[in-house]
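Side chains are part of it too, since the values below use all heavy atoms of this structure and drop only hydrogens, waters and symmetry mates. Worth saying up front: this structure is predicted, and the values here are computed from it rather than measured.
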Amino acid sequence: MEEDIEILEEFKKNGYSMLYMKYGDRNTTNLKLERALGNLIAGYKQLEEENVELRIENSAMNTVLEDLKARLL
């Protein structure tokens with residue numbers, strides 16, 4: 001993941017210089033960018049799913065906590 005971020009940061013910094021690369025180098029760079037973007041998107045989707053699960057757990061825990069508070073009072 002860290003390598004993917006570095007690739008994208010390098011592209012952000014030097015993106016226009018890609019226009020002047022040789023064809024083979026440009027293809028290699030494009031493949032690296034495609035792979036990095038794919039990995040980051042997959043990671044983002046996984047984090048979204050985990051976030052939903054954590055929200056559900058948090059909601060359930062809040063319900064239990066409120067129930068315990070009500071019993072104590």
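Ser59 places no side-chain N or O within 3.5 Å of a backbone atom of Arg55 that could act as its donor or acceptor partner.
Put simply, CG on Leu54 and CE on Met61 are 10.0 Å apart, with the number rounded to the nearest 0.5 Å. Note that CD of Glu6 is 7.0 Å distant from CD of Glu9, once rounded to the nearest 0.5 Å. To the nearest 0.5 Å, atoms OH (Tyr44) and CG (Asn51) are separated by 9.0 Å. Annotation: the span from Thr29 atom OG1 to Asn14 atom CG amounts to 10.0 Å, rounded to 0.5 Å. The structure places CG of Asn27 at 12.5 Å from NZ of Lys22, a figure rounded to the nearest 0.5 Å. The distance from atom CD of Glu53 to atom CD1 of Ile56, rounded to the nearest 0.5 Å, is 7.0 Å.
Put simply, the side chain of Leu8 does not reach to within 4.5 Å of the side chain of Asp4, judged on heavy atoms. In this structure, Met1 and Leu40 have side chains that are in contact, with non-hydrogen atoms separated by less than 4.5 Å. Annotation: side chain of Glu34 is in contact with side chain of Leu31 (closest heavy-atom distance under 4.5 Å).
Around CD of Glu50, the count of heavy atoms belonging to other residues, nucleotides or ligands within 6.0 Å exceeds 12.
In the hydrophobic clustering of ILVMFWY residues, with side-chain heavy atoms under 4.5 Å counting as a link, Leu33 and Ile5 come out together.
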